[in-house]
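Counting convention: from 1, in listed order, for ligands and their atoms alike. Computed from heavy atoms alone, side chains included, the values below leave out hydrogens, waters and symmetry copies.
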Amino acid sequence: MDDRLRGSRVVLLAGGVGGARMAAGFDAVLRSGALTIVANVGDDERFYGLQVCPDLDTLLYTLAGAVDPQQGWGVAADTTRVLDTLSMLGAPTWMKLGDADFGLHIYRSWRLAQGARLTDVMREAAQRMGLTACLLPATDTPTPTEIEIDGAVLRFQQWFVAERAKPAVRGLHYAGAQEGCATPEVMEAIEHADLIVIAPSNPLLSIEPMLALPGVRQALRAAQAPCIAVSPLINGKAIKGPLDRMLADMGLTEGNEGIAERYSGLIDGLVVDASDAGDVPALRAGGLAVLAARTLIHEREHAAFLARQLLAWSQTLRGAPMRCEARRIGAAS
Ligand code: FO1
């Protein structure tokens with residue numbers, strides 16, 4: 001790869017497993033310090049008085065090479081002795097927190113209780129676990145995603161894990177987001193980026209909680225860097241997770257057209273899976289630059305290959321008049 005591209009300052013907006021796999025790809029090809037990951041914290045929850053941040057932790061464990069490869073979250077070969085004790089004592093144990101994972105939650109909760117910001121705590125953890133990328137929570141203030149189902153409003157993990165994402169979603173609330181703010185570190189990273197990438201994460205659950213923070217959409221629109229999104233769909237469907245059903249249940253546009261719609265006015269280009277190459281003409285007709293590539297990431301080598309492809313493709317978008325026009329139209333809406 002062109003050595004200049006290895007030094008590109010890439011900002012990746014990411015949720016959990018899909019985001020972490022994409023992050024690992026950029027991490028493998030970029031120079032140390034060039035990658036900044038802005039992580040969703042809408043999934044965060046307190047368990048037994050401890051602060052648990054699933055998306056940040058999935059990113060942390062993945063980049064540290066410690067993630068459970070089967071699950072895509074949690075620590076590889078973790079044990080459950082703490083959870084077994086909690087279960088014996090009669091505590092609810094539907095969220096499978098492993099023993100090693102508990103250590104991180106204890107450390108984070110301890111540091112937060114001392115008055116540290118989540119940003120600082122994650123920087124400490126990332127440094128100690130050997131990350132060279134910068135891992136940032138989108139915000140330091142709690143902004144829990146709430147899921148409206150028939151007759152109730154559930155916290156994200158309650159719906160996703162305890163209810164296995166089964167109840168149909170009628171509405172989403174990014175609670176506290178409007179009153180919250182993105183951290184100065186996040187705003188600065190977006191401003192100085194050479195490329196902004198929206199990871200193949202669920203737009204409604206992982207990306208939009210970050211976009212709901214005041215100033216983030218505006219910062220993305222104002223950024224000099226091209227902004228591209230990688231669709232989480234393969235063959236028109238989410239490989240895992242509730243995205244397809246959510247789009248249908250909420251009466252939103254489905255397929256890649258729906259993904260493009262979620263990011264309308266923010267992105268210069270959309271990357272779709274090669275299996276969805278048939279979607280390309282219609283998306284291009286809408287004025288979007290589109291790349292069809294193999295986006296299903298199983299191994300780090302493939303993630304790195306995709307990251308290189310995205311870096312090279314982004315060069316063709318830089319300064320494209322269409323981008324400015326699309327942003328201008330999007331900004332007005
Ligand atoms: N996902 C599950 O489906 N079941 C679990 O019991 C579970 C536990 C868990 C513990 C720590 C952690 O960091 C993630 C965990 N996840 C679990 C994944 C998590 O719910 C989701 O990946 C994200 O919140 C969605 O991006």
K.L.:
Could you see which bit of Leu97 sits under 4.0 Å from ligand 1, with heavy atoms only: side chain, backbone, both or neither?
P.N.:
side chain
K.L.:
If we only count N/O pairs under 3.5 Å, is Ser206 in contact with ligand 1?
P.N.:
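It does not: no N or O of Ser206 is found under 3.5 Å from an N or O of ligand 1.
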K.L.:
Tell me: protein heavy atom nearest atom 12 (C) of ligand 1, and distance?
P.N.:
Pro54 CB, 4.0 Å
K.L.:
Using only heavy-atom distances, determine whether the side chains of Glu124 and Tyr107 contain a donor-acceptor pair under 3.5 Å.
P.N.:
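The answer is yes; a qualifying pair exists.
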K.L.:
How far is atom 3 (O) of ligand 1 from the closest protein heavy atom, and which atom is that?
P.N.:
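Closest protein heavy atom to atom 3 (O) of ligand 1: Val161 CG2, 4.0 Å.
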K.L.:
Just need the protein heavy atom nearest to atom 21 (C) of ligand 1, so name the residue and atom and give the distance.
P.N.:
Phe160 CE2, 3.7 Å
K.L.:
Would you check if the side chain of Arg117 reaches a backbone N or O of Asp120 as a donor-acceptor pair within less than 3.5 Å?
P.N.:
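Judged by distance alone, no pair lies under 3.5 Å.
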K.L.:
I'd like to check whether Asp43 has a polar contact with ligand 1, where a contact means an N/O of the residue lying under 3.5 Å from an N/O of the ligand.
P.N.:
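The answer is yes, given that Asp43 and ligand 1 share an N or O pair closer than 3.5 Å.
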K.L.:
Between Leu211, Thr139, Val38, which is the residue that forms a side chain to side chain contact (heavy atoms under 4.5 Å, CB included) with Val216?
P.N.:
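That would be Leu211; it is the only one of Leu211, Thr139, Val38 passing the side chain to side chain contact (heavy atoms under 4.5 Å, CB included) with Val216.
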K.L.:
Identify, by atom number and element, the atoms of ligand 1 in contact range of Asp101, meaning under 4.0 Å from any of its heavy atoms.
P.N.:
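This gives 11 (C) as the contact atoms.
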K.L.:
Take a 6.0 Å sphere around NZ of Lys96 and say whether it holds more than 12 heavy atoms from other residues, nucleotides or ligands.
P.N.:
yes
K.L.:
Looking at ligand 1, would Tyr61 count as a contact under a 4.0 Å heavy-atom criterion?
P.N.:
no
K.L.:
Compare Trp73, Trp94, Phe47 and give the one whose heavy atom is closest to atom 2 (C) of ligand 1.
P.N.:
Trp73
K.L.:
For the side chain of Asp276 and the backbone of Asp279, is there at least one donor-acceptor N/O pair under 3.5 Å apart?
P.N.:
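Checking the backbone N and O of Asp279 against the side chain of Asp276, no donor-acceptor pair under 3.5 Å is found.
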K.L.:
Considering only non-hydrogen protein atoms, determine which one is nearest to atom 20 (O) of ligand 1 and report residue, atom name and distance to 0.1 Å.
P.N.:
Gln157 OE1, 2.8 Å
K.L.:
Do Ser231 and Asn256 have side-chain atoms, one donor and one acceptor, less than 3.5 Å apart?
P.N.:
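Yes - a donor-acceptor pair under 3.5 Å links their side chains.
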K.L.:
Any side-chain to backbone donor/acceptor pair from Arg108 onto Gln51? Under 3.5 Å, distance only.
P.N.:
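Here the side-chain-to-backbone pair exists.
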K.L.:
Once the angle between the rings of His105 and Phe102 is folded into 0 to 90°, is it parallel (under 30°), tilted (30 to 60°) or perpendicular (over 60°)?
P.N.:
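Rings of His105 and Phe102: perpendicular, over 60°.
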K.L.:
Looking at non-hydrogen atoms alone, which of Glu45, Lys96, Gln71, Lys240 comes nearest to atom 6 (O) of ligand 1?
P.N.:
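Considering heavy atoms of Glu45, Lys96, Gln71, Lys240, the nearest to atom 6 (O) of ligand 1 sits in Lys96.
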K.L.:
Looking at ligand 1, does any of its N/O atoms fall within less than 3.5 Å of an N/O of Asp55?
P.N.:
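Asp55 vs ligand 1: N/O contact under 3.5 Å present.
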